[in-house]
Structures are given as C-alpha cells and as structure tokens.
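Hydrogens, waters and symmetry mates are skipped; everything else that's a heavy atom, side chains included, is used.
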Amino acid sequence: MKDPRTQLKIPVAPRSEALTPDDPRSTAPQPGRPQLTLLPGHAAQPPEAAAPARPERQGTLRPEAPGAPGGARHTPGRRPWTPPPSRGPAKGPRRPGSARKVPPAALWGAGGVLALALLLPTLVVVSTNHHPAPVPAPIPAPAPAKPAAPQAEAQLPNVSVYLTKTGQVEVLPMEDYVTGVLAAEMPADFELEALKAQAIAARTFIVRRLVDGDMSGVPDRKAMVTDTVSHQAYISKEVLEKEWKAQGKSAELAKLQRAVQETRNTIMTYKGKPITASFFSTSNGYTENSEDYWKDDIPYLRSVASPWDKELAPGYKETVTISRKDFITKLGLAGQAITVSTGQPFIQVLSTTEGHRIKEISIGGHVFSGREVREKLNLRSSEFTWKTSGADIQITTYGYGHGVGMSQWGADGMAKEGSTATQILKHYYTGIDFTQASKLLSKD
C-alpha cells in the first residue's frame with residue numbers, strides 16, 4: 001500500500017455552462033445516486049444512508065485513528081458543511097486555510113467513479129495554508145534503573161576488653177575497639193595513611209587472637225584482651241566520647257574514626273592466616289628479625305631499613321644516668337663474682353643483630369642478650385652506648401621499642417612522602433596479603 005501521507009492535487013476547472021437536473025454533472029441531489037460531500041480540510045466521504053455498489057474497502061474512506069500521521073481526521077459531533085444545489089462550482093467559506101471544493105459532478109463523469117474508488121484511500125484535499133502532520137509526542141525516556149541494594153556487610157564479632165584500672169570488662173563492636181587502640185597507640189596528628197596502617201595492624205592483632213581463641217595474659221580469662229601494652233594499649237569508648245570531647249578533641253577523634261572506617265574489615269594475612277602484627281614506636285634506622293628479639297623465626301617479620309625515624313621522632317635518641325650500684329643491682333649481679341680479664345673492658349659488646357642492635361653483651365664477665373639489658377635497666381632500645389662518669393654510668397639509646405614489625409614514626413615518615421597505608425604495611429611486613437576479617441571469622 002502506498003504511503004497514506006501522499007498528497008494528490010486534483011486541478012478542477014470551473015464550468016460556466018448551464019446544467020440540467022438530468023445532467024450527470026449536476027450538483028443537485030438525485031434519487032438513487034450517492035451524494036459525495038467534500039469537507040474543508042477533510043477527505044471525501046459518502047453519506048452512510050447510501051449503500052455503495054462496490055465493496056466497502058474500495059469505495060469507502062474510513063477516518064484514520066486520531067493522531068495517525070498524515071491521515072484524514074473526522075471530528076465527532078461536527079455537522080459537515082454541504083454545498084447548496086446551485087449551478088457552477090461549489091464554493092465554501094473563504095476563510096484563511098479553507099480548501100477549494102471539488103464539484104461532485106466532476107468526479108462522476110467519464111470513469112470518474114472508478115478513479116475515485118481507486119484514489120480515495122490516498123486522497124487528501126490540499127489546503128492553501130498547508131499544516132504539517134502533527135508530530136507525535138516524544139516518548140518519555142525510561143526511568144533509570146535503581147541501583148541494586150548493597151549486600152549487607154558481614155557482621156564482625158564484639159570484642160571484650162579487660163580494663164586494668166577498674167577490673168571491669170568492656171564489650172563493644174570490633175571497629176570501636178580498633179578506634180580505642182588507635183587513640184592509645186598513635187598520635188592523632190600523624191598522617192592519615194599512617195593512622196590507617198596502624199588501624200589495620202590493630203585489627204589484625206585482635207582477629208588473630210579471636211581465630212586462635214587466645215585469651216592468654218587476661219586475668220582469669222575474663223576477656224579476649226587487656227587494655228595494656230601486653231596486648232594493645234586501649235582507651236575506653238566512654239573516655240573517648242566524654243573526656244576527649246570535653247577536652248576539645250572532637251576533631252582528633254573524628255580523624256581516628258575516619259582512619260578506622262576507611263580500612264573497615266581489612267586485615268593482613270600470610271598464607272591465608274592473620275599475621276602477628278607487632279609494631280613499636282621508633283626504630284634506630286632498622287627493624288629487627290623476629291628471632292633476634294623473640295625465639296621464633298617468623299618469615300614476614302624481617303629486618304628492613306627505616307631511615308625516617310631519625311629525622312622525625314623526638315625520642316629517637318635519649319640519654320639516662322644510672323648509678324653503678326643500681327646498674328649492678330638491676331642486672332642481678334649484686335653478690336655475684338665479677339671478673340674482668342686484664343686489658344678487657346668491664347662492658348663489652350660481643351655481637352649485634354641484623355637490625356644493628358646489641359645481640360650479646362658481656363658485663364663484668366657475665367653474658368646478657370641486648371633484650372635482657374634493655375628490660376632489666378628499663379631502656380628505650382637495645383641499641384645503646386655508655387660511658388662512666390665518677391660513680392654513675394650514662395647510657396644513650398637509639399630508637400624506642402622492641403624493633404620488630406612496623407615502626408610508627410617510620411610509617412608517618414613514609415606517609416609524608418606519599419606512601420599509602422598498604423605500601424607502608426608491605427614495607428614493614430614482608431610478603432603479606434590483605435583480606436577481610438569477616439571471611440576468616442565466619443569460618444569458625
């Protein structure tokens with residue numbers, strides 16, 4: 001079928017000769033003959049009372065559905081305008097936009113009926129002011145699909161903390177516990193990436209204890225962990241929410257909470273298990289191999305360089321003075337035979353570790369490990385030098401802490417140079433990976 005929007009212009013020449021009622025071209029209605037009426041702006045349509053001699057689909061022009069592009073429209077309730085029975089061409093109202101009327105007689109002459117039957121489906125009366133076919137209203141774009149609801153994050157278990165000052169046990173969500181550890185273990189004015197590294201280390205520490213069911217070091221096994229450096233230093237939630245805010249430290253607390261939130265559920269693993277995430281304050285320029293301070297050889301606790309501490313840490317170097325008497329007493333040498341070979345010093349370093357700390361040292365003929373001397377004399381580090389001054393001994397230490405794992409001041413130095421939390425941790429813990437704590441804890 002041809003495009004119904006095709007427009008056919010039918011030129012009609014005006015006639016001036018007289019027509020009789022019997023003339024087939026007459027416009028007067030005749031019995032038995034269908035009356036063809038052309039409406040302004042509408043296609044021709046025969047009256048319904050007159051039954052066409054031809055099949056309906058060939059001889060009847062049905063109004064197109066409203067809004068059909070290019071089709072003729074029938075206005076319900078509007079009475080069609082019919083030309084009066086007069087001589088000459090039918091003339092309708094001459095208003096702007098009206099169409100010239102085609103005399104019916106012209107269509108009934110000499111094969112006009114057959115032509116009309118074939119052309120009516122596509123016939124459109126041409127208006128002097130052509131109006132384009134109405135443009136269909138734009139189809140509204142479909143509403144964007146709603147994002148899928150995020151899956152609920154696996155719940156982490158609560159942590160019970162033994163508070164040494166009160167003997168009470170505090171039970172709180174794991175991430176709140178990590179915030180309390182972060183507040184106790186690292187200054188809030190450290191770089192955010194350093195705080196994030198510390199948060200991951202603190203979370204790894206407690207997850208390891210939970211996975212192993214380790215409650216060692218807790219009085220009467222009342223809790224999973226204490227609030228001391230025997231495990232991890234911790235500031236209670238009540239102190240943070242009340243005292244810190246009362247002291248105007250809300251901004252510091254918010255920064256710590258951000259570091260915890262941005263590392264939420266993240267821990268370090270080695271071969272699929274949570275690591276011993278040991279850390280300390282300040283290195284002497286290097287960290288220690290685990291076996292040089294403890295007995296166990298742990299593959300991810302290897303000695304690495306940490307040059308940032310010397311420039312940043314205020315307690316990198318410290319000198320203390322101890323009397324000779326206290327020195328001997330604290331080392332347990334009081335009443336012991338002290339022998340010094342001729343030409344040999346009273347204190348002599350026998351060996352050092354890969355981390356440049358004292359491994360073994362001879363004092364008055366007795367051999368100690370560097371760790372023993374540090375702990376007995378309550379020194380800041382096991383790298384130290386000394387000199388005597390009358391009845392006293394002056395000891396100078398370098399660094400602060402046992403030296404195994406991550407240096408906190410070193411982490412801040414790395415963060416200041418642009419390292420991320422994961423880069424910091426991968427530097428201080430050799431060959432480790434990262435995973436979600438909930439994946440390991442859900443297996444229990």
Apply side chain to side chain donor-acceptor pair (under 3.5 Å) to the pair Y400 and E318, showing each step before the final yes or no. CA-CA 9 Å; Y400 183 20; E318 181 181 273; over 6 Å; no

Derivation and outcome, side chain to side chain donor-acceptor pair (under 3.5 Å), residues Y293 and T353: CA-CA 9 Å; Y293 197 81; T353 66; over 6 Å; no

Quick one: closest heavy-atom pair of [X] and [Y], and the distance?
X: I298; Y: E291; answer: N-OE1, 4.4 Å
X: S303; Y: N289; answer: N-OD1, 2.7 Å
X: G272; Y: L440; answer: O-CD2, 3.8 Å
X: S407; Y: S281; answer: OG-O, 3.6 Å
X: S382; Y: G370; answer: CB-O, 3.7 Å
X: V169; Y: K222; answer: CG2-O, 3.9 Å

Is there a donor-acceptor contact under 3.5 Å from the side chain of [X] to the main chain of [Y]?
X: N284; Y: G355; answer: yes
X: S362; Y: Q348; answer: no
X: K325; Y: A334; answer: no

Is there a side-chain contact between [X] and [Y], using heavy atoms and a 4.5 Å cut-off?
X: I361; Y: F384; result: yes
X: Y286; Y: E354; result: no
X: T385; Y: Y398; result: yes
X: W308; Y: E417; result: yes
X: S381; Y: Y316; result: no
X: R209; Y: H231; result: yes
X: W409; Y: S283; result: no
X: Q155; Y: P173; result: no

What I want to check is whether the side chains of [X] and [Y] have a donor and an acceptor closer together than 3.5 Å.
X: T422; Y: T420; answer: yes
X: D227; Y: T164; answer: yes
X: N265; Y: S438; answer: yes

Could you walk me through whether Q232 and E185 satisfy the side chain to side chain donor-acceptor pair (under 3.5 Å) test, starting with their C-alpha distance in whole Å, then the side-chain angles of each, then the deciding distance to 0.1 Å, before giving a yes or no? CA-CA 8 Å; Q232 297 187 117; E185 290 283 7; over 6 Å; no

So D392 and T321, side chain to side chain donor-acceptor pair (under 3.5 Å) or not? Walk me through it. CA-CA 7 Å; D392 297 327; T321 300; over 6 Å; no

Just verifying a value: how many Å separate [X] [atom1] and [Y] [atom2], rounded to the nearest 0.5 Å?
X: S369; Y: E375; atom1: OG; atom2: CD; value: 7.5 Å
X: K359; Y: R371; atom1: NZ; atom2: CZ; value: 14.0 Å
X: K317; Y: T282; atom1: NZ; atom2: OG1; value: 15.0 Å
X: T287; Y: M406; atom1: OG1; atom2: CE; value: 11.5 Å
X: L156; Y: Q436; atom1: CG; atom2: CD; value: 9.0 Å
X: S351; Y: R357; atom1: OG; atom2: CZ; value: 14.0 Å

Could you walk me through whether I358 and V373 satisfy the side-chain contact (heavy atoms from CB on, under 4.5 Å) test, starting with their C-alpha distance in whole Å, then the side-chain angles of each, then the deciding distance to 0.1 Å, before giving a yes or no? CA-CA 9 Å; I358 295 174; V373 174; over 6 Å; no

Note: D433-K273 ion pair, threshold 4.0 Å (strictly below):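 A salt bridge is absent here (no side-chain N lies under 4.0 Å from a carboxylate O).
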
Would you call K376 and E372 a salt bridge, using N to O less than 4.0 angstrom? no

Applying side chain to side chain donor-acceptor pair (under 3.5 Å) between T263 and each of Q198, K196, R203, E175, report the one that passes. R203

More than 12 foreign heavy atoms under 6.0 Å from [atom1] of [X]: is that the case here?
X: K310; atom1: NZ; value: no
X: R258; atom1: CZ; value: no
X: Q336; atom1: CD; value: yes
X: K416; atom1: NZ; value: yes
X: K426; atom1: NZ; value: yes

Give the intermediate values and the outcome of side-chain contact (heavy atoms from CB on, under 4.5 Å) for residues I363 and F327. CA-CA 10 Å; I363 301 175; F327 182 82; 3.7 Å; yes

Is there a side-chain contact (heavy atoms from CB on, under 4.5 Å) between Y234 and V159? Walk through the geometry before answering. CA-CA 12 Å; Y234 166 78; V159 176; over 6 Å; no

Applying side-chain contact (heavy atoms from CB on, under 4.5 Å), run through M186 and F279 and close with a yes or a no. CA-CA 11 Å; M186 182 175 277; F279 52 86; over 6 Å; no

Member of E193, H427, M414 meeting the side chain to side chain contact (heavy atoms under 4.5 Å, CB included) criterion with S419: M414

